[in-house]
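Every number for a ligand or one of its atoms is a count from 1 in the order of the listing.
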Amino acid sequence: MASSQDLPKNYDFAEVEERWRSTWRDEDHYFDKNSKKPQFVIDTPPPYPTGNFHIGNALNWCYIDFFARYKRMKGFNVMFPQGWDCHGLPTEVKVEELNHITKNDVSREEFRRMCRELTEKNIGLMRITLRKMAFSTDWSNEYVTMQPKYYGKTQLSFLRMLASGYIYQSEHPVNYCTRCETAIAFAEVSYEDRETQLNYFDFNGVEIATTRPELLAACVAIAVHPNDERYRSLKGKTMKVPLFCHDVPVVLDEAVDPAFGSGAVMICTFGDKQDVHWWKQHNLSLRKAIDRQGRMTEIAGKYKGLNTTECRTAILADMKALDILKRQEKLAQRVGTCWRCKTPIEILSERQWFVKIKPAEIADAAHQIKWFPEHMLLRMENWVDQMEWDWCISRQRIFATPIPVWFCKKCGEMTVPEDKDLPVDPTQVKPKHPCKKCGSTEFSGEVDVLDTWMDSSISVLNVTGWDGSGTPPFFPAQIRPQGHDIIRTWAFYTILRSVALTGQKPWDEILVNGMVLGEDGFKMSKSRGNIIVPEEILVKYGADALRQWGAMGAATGSDIMFNWNDVVAASRFQTKMWNITKFALIQLEKEGFEPEAQITALADRWLLVRLSDTVEQVSNALEAYQFDVALKAIREFAWEVLADNYIELVKGRLYKDDNSRKGACLALHTAFDALCRLLAPFTPYFAEECYSHLSPGKSVHKQPWVAFTYDDDAARMEGNLLVQVVAEVRKYKHDAGLALNAPLGKVTIYAPHTVNDEGDTGRTLNADVHWRTDAAKLDRVITDIDFNRSVIGPTFRKQAQAFMAAIKAFSPEQQANPPKTIMLEGTETAIPENAFSPKYSYMEEGAKVDVITVGDVILTIAKSA
Ligand SMILES: [Zn+2]
Ligand SMILES: [Zn+2]
């Protein structure tokens, strides 16, 4: 044991955290591929390397580290890998900004190099925060999706799914962002409420209402309800599109609402999902009026080259001039927008690559996974249920995994690389063999690249050792921790890909965490100015305090509001624990402790049974990922049971120099050792620091999880009573204006059982304490009368003194049950209600005592003279 003289008075988190960070070794957290221990593989989320590990990440990683450390102590071979999901638009945009270029100003390869450079720098910054937070990352299993080693696997997974028919290319309407100039998936469309204008105009004699007049050039049909009598004459006819003069058929469809507007609607390619549906249903022609940059195409005639907003204005003006615009009204509308840049999405028909979505297969796998909290499974089910289109995985961008495919320039045949040649960039290299079909050696490489989710949705395959064939050696992973905001993307795609590539669920369990809201209760955003940066908390209060906030902030899965007070409270808890540590170490140092000492005193047994309860509670909570419940139980034990009650009770015994202190020392050592271990997953620096003083040279993080059990129901019950008795007597002292350590005289406690308190109660209360099991023999006597002068004064006036003297002269029986009247100076006078009340006292063995009851237990206090 280190000398308690070495312990600084105050806990200096900055010094301690820095010291342990430089002491701990990465190797201690490596997953051991040859281990015989049960595996616990975590499919850690790979964050986007923005350079800023934000508070939401911090919460997510706190959860991961809590159970990673817990599982290691429980004897599991834990893999807590760290990935980086690098590809994607935000980095491209940042590179353009920082270098004052657009992606078209440099070669694709040069642009990619710039993106890689920025990403590497950002990853470096984020690694520093991860280390400061004391996350027990397995750095030997770090992966970076932009590195050939990783994206080669993404390409391999693409080829496997292409071969098995999961992936296909097709010209199909897709969601498209004309600002980002790329197709996006449904999961990437966010919805916003906006106000728009509904325009009624004369369409060849029929009134049509539209919010998108700029799509008139793309009109391919007019639809009416089959039973709508108003349009009976139009059946089988064609109509001339105003301004553009092409003819379109009239189609009949049950889905048209006859009550909306005139009951006739315009079908364009494509205004919305309904248009796509009708277009397929009625086999209509395709008119592309908007190009990839959001400009009007050739078929828009004189409007060609305008953007959609300009075109709308121009068309409405022309309609007015022709007097076919009838009226306009305001309309509230939900608009699908690009989740990255908020530009309203267009639906464009393009040749794209798709992954087939098989909802039943995904739902089935999702049900085989255990969801924490359980209700998050519903979100997945709802998303699966509304799947209509396949997943569009091709993107028209640069910084992404290339699609490893070539097309023969002569015959169009598709060629793919061999596994061993991956990764490839088909725009940079040629296939190794001529075209299988025509023998040509002229190829064009696919320029489209893959959706970033194609990289990240194989994270679990990557960490479990997938090499393209069969089930990976460490598959499935035990757990996927992630936020609820990416259930429909990352969780969904991962399940889809695992089923497609291995036929199995990706993980045994999924743990979903909530979002972190600002102190004002709103989502953190620059514009609100409510962003809290982990680094700021680390500097002010340290990693352990931040980690405690993460555990205590909310139930797992719930959104959590950031609150500085919680961080301050966490830091206070450490101060309190540090004081306990110093006290315990000083006591244990005096004589050490004897593992074989007898535990007989009630307080010691009570401490151990409460410790046993706490260990069980904390372990159960951690098994169920209820970190708030676990840490709350630890704090209560440390603060209330150990510091406020136990230590107060046994202080006197510990200062003695006889055998009775041995039991207390052993109990104290047992509790303190267990507390360090219980705290290890939550406050790794603090727990290590405390433990290092208790067991020098040993790390708490290499100790097994606490297995302490102590079965003693009587101790729990009687000990709880004991601390209550002490609390009540202390309150009595306080109310009587006595100092807490003032001598009190004799205290007799009439309890149902014999209690061996080793004199703890007496020393704590500074009183002569006797525990007795017989019934208290107390006489209740009237020792004084309380007169109510506000009643007596006005009623008796000059006779008040005489009245009071008469009452005092009553026998105790009369005082307790007074008559209705009294003779005062010869007159029978009524005794008013509430004029007086007798004051009772208790007499025990002839001496006056004060009495306190605690449940069924009676305490008598005979104050010293
Ligand atoms: Zn966009
Ligand atoms: Zn060919």
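- Below the 2.8 Å limit, the Zn ion (ligand 1) has as protein N, O or S neighbours C177 SG, C180 SG, C338 SG, C341 SG.
- The ring pair (Phe, Tyr, Trp, His ring centres under 6.0 Å) test with Y143 singles out one residue from W84, Y150, Y151, W466, and that residue is Y150.
- Figure legend: cation-pi geometry between R379 and W371 absent, as NZ or CZ is not positioned both under 6.0 Å from the six-membered ring centre and within 45° of its axis.
- You'll find the ring centres of W391 and F492 outside the 6.0 Å limit.
- Applying the salt bridge (charged side-chain N to carboxylate O under 4.0 Å, His left out) test between R395 and each of E350, E446, E188, E181 identifies E188 as the sole match.
- Two residues are said to be in side-chain contact when any heavy atoms from C-beta on lie closer than 4.5 Å; P173 and L286 fail this criterion.
- At the Zn ion (ligand 2), the vertex angle linking SG of C411 with SG of C408 is 110° (nearest 10 degrees).
- Judged by the 6.0 Å and 45° rule, K103 forms no cation-pi pair with F399.
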